[in-house]
Amino acid sequence: MRTRPPHPTPNAPGPWWILGAVVALCTGLEALAQASELGLTDGRRWRGALIVNLGFWPGLLENWAANYAVQPWSMFVTYAFVHADFWHMAGNMGVLAWLGPPVARAVGTGRLIVLWFLCAAAGGLVFAALASGPTPMVGASGALFGLLGADAALRQRADPNARRVAQAAVLFAVLNVAGYVMQDGLLAWQAHLGGFLAGLALGASMRMRRTP
């Protein structure tokens with residue numbers, strides 16, 4: 001006997017809570033760093049401590065000593081929640097406000113979480129493979145470029161004639177070239193590339209959520 005699928009519960013939590021959680025965590029850590037820079041934390045330099053403990057350090061994949069046991073693994077995710085300064089964080093949260101909602105509507109909570117963490121991890125992997133030198137990497141950009149790739153792939157599937165992936169690739173190139181020039185080369189384009197490619201692949205493989 002066929003039964004009708006249950007209707008979604010009106011008050012059930014939607015995919016938006018994960019976007020709010022990312023914003024809350026990033027802004028909370030930045031607020032702590034800002035407070036220390038304003039002298040409100042008894043002299044402790046929180047930004048440096050956050051970068052040392054949560055940033056992505058390529059040397060930890062070689063022979064550097066970790067600050068705690070799981071750091072060489074956890075840094076593939078934690079680096080995405082720490083930023084170099086307020087404007088770095090604010091810009092990334094603005095991009096999240098732009099890209100997050102359409103992807104959240106398309107794939108739902110569970111897949112949005114998968115996208116965020118896997119794209120961040122892919123960004124770390126490509127950064128480790130292509131970057132040179134011991135400079136650490138922080139910021140949500142790798143995961144955000146992953147959302148850009150996923151959004152393009154999902155829209156391409158919904159409208160195969162729209163060339164969404166090509167448009168996203170051009171936007172990716174323009175943003176990274178502009179950022180590289182404006183920041184005098186201090187841009188983790190490797191993490192951006194890893195996140196973007198992972199987002200494309202994941203977006204192409206995910207089923208879009210059915211809406212009532």
Side-chain angles (χ1 to χ4, degrees), residues 22 25-34 36-37 41 43-96 99 115-150 168-202:
V22 171
L25 183 54
C26 290
T27 55
L29 292 176
E30 181 59 31
L32 186 61
Q34 288 288 326
S36 69
E37 290 168 0
T41 55
R44 183 166 184 179
R45 299 297 181 182
W46 274 102
R47 190 178 305 281
L50 290 171
I51 293 174
V52 166
N53 289 284
L54 302 180
F56 190 97
W57 295 86
L60 290 176
L61 300 176
E62 298 175 2
N63 57 1
W64 288 16
N67 293 320
Y68 49 94
V70 298
Q71 188 179 11
W73 305 101
S74 62
M75 70 177 181
F76 280 90
V77 171
T78 58
Y79 81 89
F81 298 100
V82 182
H83 292 83
D85 55 42
F86 171 80
W87 295 111
H88 185 205
M89 184 276 301
N92 278 345
M93 295 304 98
V95 174
L96 180 60
L99 288 173
L115 271 171
W116 180 269
F117 285 105
L118 289 186
C119 289
L125 282 171
V126 176
F127 181 82
L130 300 182
S132 58
T135 305
M137 183 259 295
V138 294
S141 302
L144 292 173
F145 274 106
L147 295 186
L148 175 65
V170 171
L171 179 59
F172 171 84
V174 169
L175 289 175
N176 278 273
V177 170
Y180 190 88
V181 172
M182 289 189 294
Q183 298 181 39
D184 295 325
L186 297 176
L187 183 78
W189 62 266
Q190 304 92 336
H192 301 173
L193 178 62
F196 181 70
L197 294 178
L200 280 176
L202 290 166

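This is a predicted model, so every value here is computed, not measured. For the numbers below, each heavy atom of this structure counts, side chains included, while hydrogens, waters and symmetry mates do not. This chain uses plain numbering: 1 for the first residue, then up along the sequence.
For residues 121-142, the pairs satisfying side chain to side chain donor-acceptor pair (under 3.5 Å) are Asn92-Ser141, with sequence neighbours left out.
For Leu54, the side-chain contact (heavy atoms from CB on, under 4.5 Å) partners at least two apart in sequence or on another chain are Leu29, Leu50, Tyr68, Thr78, Val82. Qualifying side chain to side chain donor-acceptor pair (under 3.5 Å) partners for Asn176, counting only residues two or more places apart in sequence or in other chains: His192. For the side-chain contact (heavy atoms from CB on, under 4.5 Å) test, residues two or more places apart in sequence or in another chain that qualify with Ala150 are Leu115. With sequence neighbours excluded, the residues satisfying side-chain contact (heavy atoms from CB on, under 4.5 Å) with Val95 are Trp98, Leu99, Leu144. Residues meeting the side chain to side chain donor-acceptor pair (under 3.5 Å) test with Gln34, sequence neighbours left out: Glu30. With sequence neighbours excluded, the residues satisfying side-chain contact (heavy atoms from CB on, under 4.5 Å) with Tyr180 are Leu187, Trp189.
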- Task: Could you walk me through whether Trp116 and Leu96 pass side-chain contact (heavy atoms from CB on, under 4.5 Å), step by step?
- Result: CA-CA 11 Å; Trp116 180 269; Leu96 180 60; 4.0 Å; yes

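Taking every heavy atom of both residues into account, Gly139 and His88 meet most closely at CA-CE1, 3.7 Å. For the residue pair Met137 and Ala188, the shortest heavy atom distance occurs at CG-CB, 3.5 Å. In terms of heavy atoms, Gly194 sits closest to Ala122 at O-CB, 3.5 Å. Residues Gln190 and Ala131 approach most closely at NE2-CA, 3.6 Å, considering heavy atoms. When all heavy atoms of His83 and Ala140 are compared, the closest pair comes out as NE2-N, 3.3 Å.
For the atom pair Arg47 CZ and Ser36 OG, the distance stands at 7.0 Å (nearest 0.5 Å). For the atom pair OG1 (Thr27) and CG (Leu32), the distance works out to 11.5 Å, reported to the nearest 0.5 Å. Separation of atoms CG (Leu193) and CZ (Phe172) is listed at 5.0 Å; rounding is to 0.5 Å.
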Hey, can you pull the donor-acceptor pairs under 3.5 Å for the side chains in residues 56-66, sequence neighbours left out?
unit_1: Trp57; atom_1: NE1; unit_2: Ile51; atom_2: O; d: 2.9
unit_1: Trp57; atom_1: NE1; unit_2: Val52; atom_2: O; d: 3.4

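Between Leu147 and Cys119 the shortest side-chain heavy-atom distance does not fall below 4.5 Å.
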